[in-house]
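Below: one structure, written as C-alpha cells.
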Amino acid sequence: MGAILNGLDVEQLQQLSAQVQADPEAARSLNRWAARVRWLGGFKGRAYIRNHSFVIDEPADLVGKDEAPNAVEYVLGALGACLTVGFVLNATRRGIPIRNLEIALEGEIDNILTFLGLSSEGHPGYREIAVKAYVDADADEETLQSVWEETVRTSPVGNTLARPVNLRPELRRAASA
Amino acid sequence: MTTVLNGVDVETLRQLLEEVRAHPEAVQPQRWARFRWEEGLRGRVYIRNQSFTVDESVDRSGREAGLSALEYALGALGACLGLGFIFHATRRGIAVRNLEVALEGRIENLLRFLGFEGEGHPGYREVIVKAYVDADADEETLQALWEETIATSPVGNTFTRPVALRAEIATVSGWWFRYSPETEESPSGSRGGMPC
Amino acid sequence: MARNGLPLFPVTVVGSWPRPPWLLEALRKRHAGQISYKEFQEIADRAVLEALHAQIEAGVEIVSDGEQRRDNFYSFVVEKLEGVRMMSVAEMYDYAEDKSFFEQILRQLDVPAYAIKTPVAVDKIRLKMPLALDELEFLRRHTDRPVKIPLPGPYLLTRTMWVQGLSDRVYPTREDLAQDVVAILREEVLRLRDAGADFIQLDEPVLTEVVFQPPVHSRTFMCASLSAAAEDPQVELAWAAQLINRVVLGVEGVRIGVHICRGNWTTREEALLTGDYRPLLGTLEAMRVQQWVLEFATPRAGDLEVFRECRQKRELGLGVVNPRTAEVESPEFIVARVKEALNYFEPSQIFLNPDCGFGTFAERPVATPEVAFRKLQAIRQAAEQLRREFGARP
C-alpha cells in the first residue's frame, strides 16, 4: 500500500491510470454507463444503477411529496460532485493536501413554463449554472486556480452539460406481467 | 371528491397549473445544490432538506459507497423523462399502470478525465433512452406523449443544449474567512441573519 | 482618573477593538494548534496594551481590553469550559432540521459550511478556568481607570450552545443547559466584582433576532439555528430576562449592564436588522440591571422616543457613533443625540459609547484602529462640551 493523500492511495491511483492506458478494452468499457428508472406513482421514481438506487421526487409545492430531490436538482448535485471529485483527483496527482472543499451551485432554467406546457418560448433546461468552489488546501492561489481550471475542462458531467448531447429516445409498450 | 390519477391528485395539479398560468413570474427558475467533499473520491450532496452520497469508483470494482456523478446525471435524465411522461399523461387523463426507463450513456473519452491527453471530451456524447410503458391509450397517443415529454424535458434540454458554466474558486481556510470591509460587495436583496 | 468618581456623561466602549495582523496570525496558529495557550496569551498581552493605550489616548474613561484575547464575543468560552466543542456548520448539517434555511444563509454570506464554527455543548459544562478573570487582572495591572468587562449573556450562550441531537444527551432541554450557564456566569460576575471590575456588560445581541425577523428567519444563523423548536418571541424574551436576573439578582458592588444590538458582522448596513427598541422595552424593564447599553447612532435602531412610555428607567449607555462607517461623527452630532436622550433620562443616567464593538469578530473587524480612535475622540469632545453645559460631576 502506498502513501495516502486526501484519503486516496496515490500508488493505486497511478496503477489504475497505467492499466487503463495499456488496455484499450478496459478504457472502452469505462465509457459506457447504464441506469434504469422505475416509476413509483405520482411524481416519485427510483433510479437503479449498479447495486445502488435513489429516489427522485418533486417539492411539495409542485405536487410532489418532497421526499427526495427532483431530477434537475440531481443534475446540479451530480455536477458539483463531479467537479469536486475531479478537483481532488487532480490535486492529489500533484501532491497537494486538501483540508476542506465545498461547492455551491446555482442553476438557472431558461423557461420552466415550457415544461408545464404553458409557454413555447425558450426551453425548460438549464441555461446557465454558476459554480463556486471553496477550498482550503496547502498550495498557493495560482496553483489552486490552475487545478480548478483543469478540473472544469476535464469534468465528465461538466462537459456533458456544456456540450450538446445526442439523445436517442425510444418508447415501447410493455404490458405488466 | 378528489380524483387521483397515476398517484397524482388531479385537482391539485389543475390548481397548480392555473396558478402558474396566472402568475408565471412566481415560478422560481433557480435550483440550488451544495456538495461537500468527505474523503478520497467521496462526498455528499445537499439539496433542500435532502442529501445523498456520491462516490467515484473509477474501475467499478472498488468500494461501492455510492454512485458516481455521471451515473447520477444519467439517473436524473431517466427520472426527468419518466416523471415528465407521467405529468403529460395525467394532464390528458391517461392512466399509466407501469413505467420504466432504461438508459445507456456513452462517454466520448473518459481518459481525458483521468488526465490523459487525447481526442474528444470526457462527457456523454450520446444517451440511449428506452421507455417501457403500460397504459390505457393507443400506440399513437403514447408516442405523441413521449415526443412531447422529450421536447419539454428540463433535464433532456439541459443535456441536448450547451449550458453556460460559470465556474469560480475561492480559497477559504477552515476556521476563518477573511472579509475586507472595504471590498465587501452587497448582493442585491440579501437580508442577513447575524452569524453570532 | 479616580475609579469611583465618574464624571457626567462618562465615555466608554462596548468592548472590542480591531486586532493587529500579528495577533490574528497568532490566533490562527492557536486554532491550528501550532502555539500553546500560554504563548498566545503572551502575544495577546501586547495587543491588549496597544488597545488600552489607544482608548486612554482617545479619552475613554471606562476602558476595556479590546477583547483581544477572544476570537469573538462569545465563542472564546470554548477554551474556558469543559464540555463545549467548537463545531463547523458542516459538521452540524445533518442535525439541522431545516437545511434549506442553512443553504439560504450560506449563499447570502458567500461562505462554505466548513468555515463557520460555533460552540456546542456536547457534555456537562464545567469551568476549566474563569471566563474573563485573566482579562481583568491584566488590565488592573496596567491602568487605574475604571474597567468594563463584557461577558456573553446567558440567553445567547444557551441558545447558541444547545443543539438537538448533540446536547440533549446531557441536557434534555435548553432550560437544563441554562441552569449550568447561569451558575457559571453568576460565579464569574461575583469573581470579577471581587477582583475589582467596575462595569460588567452582558451581551445579548440575539434578542433583536427574536423580535425583528419572521419565525423561520428569527433563528440566528449559528445561534441555535439548529434548535428549530418553534419559539414564541414573547416566551423567548421573558425567558431571556429571567435568565439575566438569575445571573445578577442581589449582586451588589459592581455596575451591571446589558447590551443589545442589531448585529455587527458586516459593514453592509442593509444586511443588518432594522427596528426600534419598542418590542424590547418590556424585556429591558424586566431585567434587573443598572444600565442598558443600546445602539442609537444608526437610523436602523429607531428613535429615542420609545422611552417616552418607559416607567422603570435605568442608566442608558447611549450609542452615539456607528462603528461600521468610515466617516467620523462630529461632536455636534453626538451632543444633539445626547440632548434628545435628555428628554427621557437625567444627565447622571447617560453614558456615552459606540453602538457596538469595533472588531466583534476577530477576522472581520468593522473599523480600522485609526477610525475607531477618531470616533472615540469625537465622543470625548462631545462629553467635554456637555460637561461645560451641565456640569462636570453628577
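Order of the sequence lines sets the chain letters (A, B, ...), proteins ahead of strands, with each chain counted from 1.
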| note | Applying a strict 4.5 Å limit to non-hydrogen atoms, the region of B:E148 in contact with chain A is neither
| If you round to the nearest 0.5 Å, how far is CZ of B:F159 from CG of A:L161? | 6.5 Å
| query | What is the distance from atom CD1 of B:I47 to atom CG of A:N70, rounded to the nearest 0.5 Å? | reply | 8.0 Å
| query | Can any side-chain N or O of B:T152 pair as donor or acceptor with the backbone N or O of A:T114 at less than 3.5 Å? | reply | no
| request: Considering only heavy atoms and a distance below 4.5 Å, find which of B:N109, B:L81, B:I128, B:L5 pairs most often with chain A. | output: B:I128
| task | For residues B:C80 and A:A71, report the shortest heavy-atom separation together with the two atoms involved. | result | CB-CB, 3.5 Å
| task | Would you mind checking which part of B:T149 comes under 4.5 Å of any heavy atom in chain A, side chain (CB onward), backbone (N, CA, C, O), both or neither? | result | neither
| field | Pairwise distance CZ(B:R36) to CD(A:E102) - rounded to 0.5 angstrom | value | 5.0 Å
| remark: Closest non-hydrogen contact found for A:A78 with B:A73 is CB-N, 3.9 Å
| Aromatic ring pairing A:Y74/B:F52, orientation class (parallel under 30°, perpendicular over 60°, tilted between) | tilted
| task | Determine the minimum heavy-atom distance between B:A102 and A:R36, stating which atoms define it. | result | CB-NH2, 3.6 Å
| note | Per-residue tally against chain A (heavy atom, under 4.5 Å) across B:R97, B:E19, B:R125 peaks at B:R125
| query | Out of B:E147, B:E139, B:H88, B:R44, which one racks up the most heavy-atom pairs below 4.5 Å with chain A? | reply | B:E139
| What is the distance from atom CG of B:L77 to atom CG of A:L167, rounded to the nearest 0.5 Å? | 5.5 Å
| task | Using a cut-off of under 4.5 Å on heavy-atom pairs, state which of B:A131, B:S51, B:G43 scores highest against chain A. | result | B:A131
| task | Kindly compute the distance separating CD (B:E100) from CZ (A:R172), expressed to the nearest 0.5 Å. | result | 12.5 Å
| remark: So, the part of B:R91 with a heavy atom under 4.5 Å from chain A: the answer is side chain
| Relative to chain A, which segment of B:R112 carries a heavy atom at a distance below 4.5 Å: side chain, backbone, both, or neither? | backbone
| query | What are the two closest heavy atoms between A:F115 and B:P154, and how far apart are they? | reply | CD1-CD, 3.5 Å
| task | Against chain A, label B:A89 side chain, backbone, both or neither, depending on which of its atoms sit under 4.5 Å from a heavy atom there. | result | neither
| field | Nearest heavy-atom neighbours spanning B:L83 and A:G45 | value | CD2-N, 4.1 Å
| Atom pair SG/OH of A:C82 and B:Y72 - distance to nearest 0.5 Å | 13.5 Å
| Is it the backbone or the side chain of B:I169 that comes under 4.5 Å from a heavy atom of chain A, or both, or neither? | both
| note | When every non-hydrogen atom of B:T160 is compared with those of A:P164, the smallest separation belongs to O-CB, 3.1 Å
| Can you check whether B:W37's main-chain N or O pairs, donor with acceptor, with A:T84's side chain at less than 3.5 Å? | no
| A:R163 (side chain) donor-acceptor with B:R161 (main chain) under 3.5 angstrom | no
| remark: chain A shares the most heavy-atom pairs under 4.5 Å, among B:V45, B:V155, B:V96, B:V133, with B:V133
| said: Among B:A76, B:G156, B:A151, which residue has the highest count of heavy-atom pairs closer than 4.5 Å to chain A? | reply: B:A76
